Amino acid sequence: MAPLLRRLTVRNTHGLMTTPLRFPSRYVAKSTRFLSTTSTLHFAVTSALRTQVFHDVDPLRKYRRDLLLSKRTVGLVPTMGALHEGHLSLVRQAAAENTDVFVTVYVNPTQFGLNEDLASYPKTWEADMAMLSTLDKELASAGAGRVSAVFAPSTKTMYPTLPPDSSIPGAGSFVEIRPLGQLLEGASRPVFFRGVATVCMKLFNICAPDRVYFGQKDIQQTVVIRRLVKDFHLDTEVRIGPTQRQEDGLALSSRNVYLGTRRRTVGLVLSQALRKAEAQYKAGKRRRGDILWPANAHADNLVQEQDGLEPGKRARFEVDYLSLADPDTMEEVEEVDETRGAILSGAVKMLSLEEPADGEELGVGGGQILVRLLDNIVLDPVA
Ligand code: AMP
């Protein structure tokens, strides 16, 4: 893991800064604001206050209770850190709809399988705090809700009884959403949604948020969270923010730092394939085969094209799935019910580079870390 933690110099919209494992991000302004004049005045008075960082449950609970007694509202944005504009857009949305935003930064071990990238997952605490502080100042001057708390617990705090177990079945107290959590991402990563549902249940219990914010980028996760809130009668509202992308369509992800230029270019195959399928739906096609064939054909062509190149030029990848699924169950559909719409989603595994070329930009990890890319497009119901 040590070589992965080297410092990189990168550019963000505020100029150059040196930070571990960062990559360029875009800032997108959000316009909606629900704050009353009274709240706005209140925040003008308190704008000098800085975000408080909590590591333990009790002080955060006390803080939350005081906010409740002051009739303030809390929007929770759970993250694993390594923040980028996708995360920040959720914070902006939460700040537009609540007086206070809590951001959690916790790399949850139980959602990583035993052979997955827990150890190498990027950790960029200082850069994350700098981004949140900059954003908080922007929110203060806009009169929006503030990033009032960051919760960064230890694993002992989050899993107080047993050390967390990522094996199957795994000893411990877990929340499982079946079969939803076993499909698609869950089929490839069998403990993933158990870990996600469990940690979110814990975070919701600790933070008691009025609203929770999740990105459409991880669409199945949003469906799991909605189900968790519904089935366990959790007293919070689930809000979903749009996927933030780079200009060429690549969805932002904390793991993109591992791609490097060659794999990043070829990795566009996923968003391109999904857009081809979306175009079929927009053209009036409703049957599975009619919608998905151009997406599958595009991916197959690119697999063949890459396989045919020399090892020093190619970036090989495997398509894990291209899915057309029901929006509430994530079960595959044969035909889209246009009163319900559907979810087009996919996952692609970018394999490690076989032969790096001289002077090539390889990304963090020298192009050797497998990168799983996820993306999706919601096919809206037809009115
Ligand atoms: P993570 O830190 O990857 O667990 O993500 C934390 C939250 O940020 C999740 O709700 C993600 O869906 C959301 N998120 C991650 N990437 C993006 C993106 N590109 N656009 C919007 N939301 C995102």
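Note that this is a predicted model, so its numbers are computed, not measured. We count ligands from 1, going down the list as the structure has it; atoms in each ligand are counted the same way.
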A.B. asks: If the cut-off is 4.0 Å to any non-hydrogen atom of L252, which atoms of ligand 1 fall inside it?
C.D. replies: 16 (N), 17 (C), 18 (C), 19 (N)
A.B. asks: Got the closest protein heavy atom to atom 9 (C) of ligand 1, with its distance?
C.D. replies: Q221 NE2, 3.8 Å
A.B. asks: Note the single closest protein heavy atom to atom 14 (N) of ligand 1, along with its residue, its atom name and the distance in Å.
C.D. replies: D218 OD2, 4.2 Å
A.B. asks: Mind checking whether L250 and L259 have side chains closer than 4.5 Å, heavy atoms only?
C.D. replies: yes
A.B. asks: Can you check whether V224 reaches M330 side chain to side chain, under 4.5 Å on heavy atoms?
C.D. replies: no
A.B. asks: Select the closest option to atom 17 (C) of ligand 1 among M80, H87, K217, judged by heavy-atom distance.
C.D. replies: K217
A.B. asks: With a 4.0 Å heavy-atom cut-off (strictly under), which part of S253 contacts ligand 1: side chain, backbone, both or neither?
C.D. replies: neither
A.B. asks: Considering non-hydrogen atoms of the protein only, which is the closest contact for atom 16 (N) of ligand 1, and what is the distance?
C.D. replies: H84 CE1, 3.2 Å
A.B. asks: Would you kindly specify which portion of E85 sits under 4.0 Å from ligand 1, judged on non-hydrogen atoms: side chain, backbone, both or neither?
C.D. replies: neither
A.B. asks: Would you say the side-chain atoms of R194 pair up with the backbone N or O of E176, donor to acceptor, closer than 3.5 Å?
C.D. replies: no
A.B. asks: When you look for heavy atoms under 4.0 Å from ligand 1, do you find them on the side chain of A82, its backbone, both, or neither?
C.D. replies: neither
A.B. asks: What protein heavy atom sits nearest atom 20 (N) of ligand 1, and how far off is it?
C.D. replies: Q244 N, 2.8 Å
A.B. asks: For the residue pair H55 and W125, does the interplanar ring angle fall in the parallel (under 30°), tilted (30 to 60°) or perpendicular (over 60°) class?
C.D. replies: tilted
A.B. asks: Tell me every residue that passes salt bridge (Lys or Arg N to Asp or Glu O under 4.0 Å) with K71, counting only those two or more places apart in sequence or in another chain.
C.D. replies: none
A.B. asks: Within a distance under 4.0 Å of any heavy atom of P78, pick out the atoms of ligand 1 and give their elements.
C.D. replies: 6 (C), 7 (C)
A.B. asks: Report yes or no: do V175 and L180 belong to one cluster of Ile/Leu/Val/Met/Phe/Trp/Tyr joined by side chain heavy-atom distances under 4.5 Å?
C.D. replies: yes
A.B. asks: Report the relative orientation of the aromatic rings in F112 and Y121; use parallel for angles under 30°, tilted for 30 to 60°, perpendicular for over 60°.
C.D. replies: perpendicular
A.B. asks: Any idea which heavy atoms bring T110 and S166 closest together, and the distance?
C.D. replies: CA-OG, 3.6 Å
A.B. asks: Run the contact test for Q216 against ligand 1 with a 4.0 Å cut-off on heavy atoms, strictly below, and give the result.
C.D. replies: no
A.B. asks: What is the closest protein heavy atom to atom 13 (C) of ligand 1, and at what distance does it sit?
C.D. replies: L90 CD1, 3.7 Å
